[in-house]
There are 2 protein chains.
Amino acid sequence: MIETEKILKKHNLRLTDGRRSILDIFLNNPVALSHASIEEKLPNFDRVTIYRTLYSFVENGILHKVLDDGMASKFALCHTCHDHKHTHQHVHFKCEICLDTTCLEKTRIPSFVMPDGFLAHEIGLLVQGICPKCSQKN
Amino acid sequence: MIETEKILKKHNLRLTDGRRSILDIFLNNPVALSHASIEEKLPNFDRVTIYRTLYSFVENGILHKVLDDGMASKFALCHTCHDHKHTHQHVHFKCEICLDTTCLEKTRIPSFVMPDGFLAHEIGLLVQGICPKCSQKN
DNA sequence: GTTTATGCAAATTCTTTGCAATACT
DNA sequence: AGTATTGCAAAGAATTTGCATAAAC
C-alpha cells in the first residue's frame with residue numbers, strides 16, 4: 001500500500017482523492033504550506049474541501065499548524081508526533097526574503113524553565129532570517 | 001510628560017488621540033492584543049485607523065507581532081527592543097483555554113546552534129498550554 | 001444502506017487601499 | 001502653511017457555515 005493510504009487508514013480517514021492528493025503534496029514538500037499554495041497545486045479541488053481536509057489532518061495529528069506572524073496559516077507534516085498527542089518540539093525557519101518556512105528537523109529546542117503555574121503542552125520556535133538559497137543570491 | 005507621549009515623541013510620531021489611547025492600552029495590559037480586542041476597547045476609533053496605528057508602531061519598534069497559530073495577528077509591547085532594531089528574545093505563552101497570550105518576560109530563550117547557511121535575525125518562542133488562572137478553575 | 005466527504009453558494013472575519021477632510025507641528 | 005493622520009467607502013484576502021449531492025465503506 002502506498003504511504004498516503006497507510007497514513008489515512010491509520011487515522012481512520014476515508015481514502016478520497018482529495019486527501020490522497022493533499023497528503024501527497026506534503027510528503028513531497030519540505031516546506032510549510034499555506035492553503036493558497038495547495039489550492040494552486042490542486043486547481044481541481046474546491047477551496048472549501050482543502051480547508052476541511054487541512055483542518056481534519058490537524059485534528060488527527062497528521063499535520064500541525066506552523067507558527068507565523070503573517071496573514072495566512074501554514075501547515076507542515078508531523079514527523080515527530082504520535083497520533084493525537086501533539087508533543088511537538090518544532091523549530092521552524094522562515095526566510096524574510098522568499099518567505100518559505102522550513103522545518104529544521106535536526107535542531108532541537110533546548111530545555112528551559114517555565115514560571116510557576118504555567119503548564120507547557122506544546123513548544124514552537126520560529127527563527128526568522130535569511131535562508132541559504134537567498135543569501136547566495138546577494 | 002506622560003509615558004505615552006514620551007514614547008511617541010521618541011519615535012517622531014505625532015501626538016494624536018488614537019495613538020495615545022492605543023499605546024495606553026498596551027502599557028496597561030500584560031497580554032498580547034489583537035486588532036479586534038483593541039477595537040472593542042476603543043469603539044470611537046475607526047477600524048482602519050487602528051490597523052494603521054498598529055502597523056506604524058510595529059515599524060517604529062514600539063510593538064512587535066506575536067507569533068500565533070490562529071487567524072488574527074496579535075501585538076505586544078517591545079520592552080526589550082531598541083528603536084528599529086528588533087532583537088527579540090521573546091518567550092510567549094498562549095493558554096489553550098482562555099486563549100490569552102502573555103509575555104514571559106523573565107524566561108530567556110536558551111541559545112542553540114543553527115544549521116549551516118541559515119542566518120538568524122529574530123527568534124520567537126511560543127509555548128502553548130494552560131495558564132495559572134485556568135488551571136485553578138479545573 | 002449508512003455514514004462521511006465534497007462542491008457550491010453565501011456569509012463572516014481580517015486586512016488593505018484610495019481619497020477627501022481634518023488635525024498636528 | 002505644510003505634512004502627516006484620520007474616517008469613510010469599498011475592495012480584497014482568508015476562513016467558516018449550511019445544505020444538497022456524491023462518494024466511501
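Keep in mind it's a predicted model, so treat the numbers as computed, not measured. Below, read A as the first sequence line, B as the second, and so on, with proteins coming before strands; counting in each chain starts at 1.
- Every residue meeting the ring-ring contact (aromatic ring centres under 6.0 Å, His included) condition with Y51(B), not counting sequence neighbours, appears here in chain and number order: H35(B).
- H64(A) and C78(A) get closest at one heavy-atom pair: ND1-SG, 3.4 Å.
- Listed by first and then second residue, the salt bridge (Lys or Arg N to Asp or Glu O under 4.0 Å) pairs that reach into residues 15-31 of chain B are E5(B)-R20(B), D17(B)-R20(B), sequence neighbours excluded.
- A heavy-atom distance below 4.5 Å is not found between the side chains of T16(B) and T49(B).
- In plain terms, the two heavy atoms of C131(A) and C98(A) that are nearest each other are SG-SG, 4.0 Å.
- The nearest heavy atom of DNA chain D to R14(A) and to A36(A) marks one nucleotide each, and the one closer to the 5' end goes with A36(A).
- Taking the side chain as every heavy atom from C-beta outward, C103(A) and P30(A) never approach each other to under 4.5 Å.
- Heavy-atom nearest nucleotides on DNA chain D were determined for M71(B) and for R19(B), and the one closer to the 5' end corresponds to R19(B).
- Among residue pairs with one or both ends in residues 42-54 of chain B, those qualifying as salt bridge (Lys or Arg N to Asp or Glu O under 4.0 Å) are E39(B)-R47(B); sequence neighbours excluded.
- Looking at residues two or more places apart in sequence or on another chain, you find a side-chain hydrogen bond (donor to acceptor under 3.5 Å, both in side chains) between K94(B) and D68(B), D69(B).
- For the helix from dG1(C)-dC25(D) to dT25(C)-dA1(D), the rotation axes defined at the first and last 5 base pairs enclose an angle of 40°, given to the nearest 10°.
- No engagement by S56(B) is indicated, since no non-hydrogen atom pair under 4.0 Å with the nucleic acid exists.
- Qualifying side-chain hydrogen bond (donor to acceptor under 3.5 Å, both in side chains) partners for T53(B), counting only residues two or more places apart in sequence or in other chains: none.
- Listed by residue number, the members of residues 37-53 of chain B with any heavy atom below 4.0 angstrom from DNA chain C are R47(B), V48(B), Y51(B), R52(B).
- Of all non-hydrogen atoms in I38(A) and L54(A), the two that sit nearest each other are CD1-CD2, 3.8 Å.
- Not counting sequence neighbours, the partners of M114(A) by the side-chain contact (heavy atoms from CB on, under 4.5 Å) test are F112(A), F118(A), A120(A), F93(B), L104(B), V127(B).
- In this structure the side chain of L125(B) never reaches within 4.5 angstrom of the side chain of H92(B), judged on heavy atoms.
- The footprint of chain B on DNA chain C, defined by a heavy-atom cutoff below 4.0 Å, extends from dT13(C) to dT25(C).
- With hydrogens and angles left out, the side-chain atoms of K74(A) and S34(A) include no donor and acceptor closer than 3.5 Å.
- Between the side chain of N29(B) and the backbone N or O of I25(B), no donor-acceptor pair lies under 3.5 Å.
- Applying the under-4.5 Å side-chain rule to Ile, Leu, Val, Met, Phe, Trp and Tyr, the cluster around L126(B) extends to L67(A), L126(A), L67(B).
- If you check residues 21-32 of chain B against DNA chain C, you find no residue with a heavy atom closer than 4.0 Å.
- Between chain A and DNA chain D, the heavy-atom contact criterion of under 4.0 Å yields a 5' to 3' nucleotide range of dA14(D) to dC25(D).
- Residue S34(A) is classed as having no contact, given no heavy-atom separation below 4.0 Å to the nucleic acid.
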